[in-house]
A.B. asks: 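Below you will find the structure I want to go over with you.
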Amino acid sequence: MNFIFWQKNLSIHQSSFLRALGEKHKVTLVVEEEFNSARRIQGWDRPDFGKIQIILAPSHLHIQDLIVQNPDVVHIFSGFFVGTISFAYKIVFK
């Protein structure tokens with residue numbers, strides 16, 4: 001099974017889950033930004049996501065291509081009102 005996760009930024013809290021899921025399935029994580037400024041100030045570093053593909057700050061064209069080229073993927077959205085996620089959500093449900 002293939003999954004695309006749409007999130008505002010990388011989540012340390014979900015990295016273990018996504019890494020484990022990526023051991024048995026194709027997983028892509030699309031994020032608008034790596035971390036927000038508050039997380040950087042707290043000293044967050046990029047966690048180990050294992051084998052999953054991470055796409056950082058894709059253009060609208062890249063998002064459209066990703067969705068069209070993966071018609072059977074399961075999309076999981078977090079934070080519908082963020083620019084990248086909102087745009088992808090609208091494309092997926094067209």
A.B. asks: Check whether any side-chain N or O of Arg19 sits under 3.5 Å from a backbone N or O of Asp48 as a donor-acceptor pair, and report yes or no.
C.D. replies: yes
A.B. asks: Which heavy atom of Pro47 sits nearest a heavy atom of Ser11, and at what distance?
C.D. replies: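 Closest approach of Pro47 to Ser11, heavy atoms only: CG-O, 4.4 Å.
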A.B. asks: Once the angle between the rings of His75 and Phe77 is folded into 0 to 90°, is it parallel (under 30°), tilted (30 to 60°) or perpendicular (over 60°)?
C.D. replies: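 Correct class here is parallel.
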A.B. asks: Any chance you could measure Phe5, atom CZ, to Leu21, atom CG, to the nearest 0.5 Å?
C.D. replies: 5.5 Å
A.B. asks: What do the steps show when you test Gln53 against Val27 for side-chain contact (heavy atoms from CB on, under 4.5 Å), and what is the final call?
C.D. replies: CA-CA 6 Å; Gln53 177 186 21; Val27 177; over 6 Å; no
A.B. asks: Are the side chains of Leu29 and Ile55 in touch, meaning some heavy atoms are under 4.5 Å apart?
C.D. replies: no
A.B. asks: Check for a donor-acceptor pair, side chain of Gln7 on one end and backbone N or O of Val31 on the other, with a separation under 3.5 Å.
C.D. replies: no
A.B. asks: Asp72 vs Asn2, test: side-chain contact (heavy atoms from CB on, under 4.5 Å). Steps then yes/no.
C.D. replies: CA-CA 8 Å; Asp72 297 325; Asn2 297 336; over 6 Å; no
A.B. asks: Provide the closest heavy-atom pair for Ile85 versus Ser78 in the form atom of the first, atom of the second, distance.
C.D. replies: CD1-O, 2.8 Å
A.B. asks: If you look at every heavy atom in Met1 and Val74, which pair is closest and at what distance?
C.D. replies: SD-CG2, 4.1 Å
A.B. asks: Ring-plane angle category for His25 and Phe3, please: parallel below 30°, perpendicular beyond 60°, tilted otherwise.
C.D. replies: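 Rings of His25 and Phe3: perpendicular, as their planes differ by over 60°.
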A.B. asks: What distance separates Phe93 CZ from Ile67 CD1, expressed to the nearest 0.5 Å?
C.D. replies: 10.0 Å
A.B. asks: To the nearest 0.5 Å, what is the distance between CD1 (Ile76) and OG1 (Thr28)?
C.D. replies: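 These two atoms lie 11.5 Å from each other.
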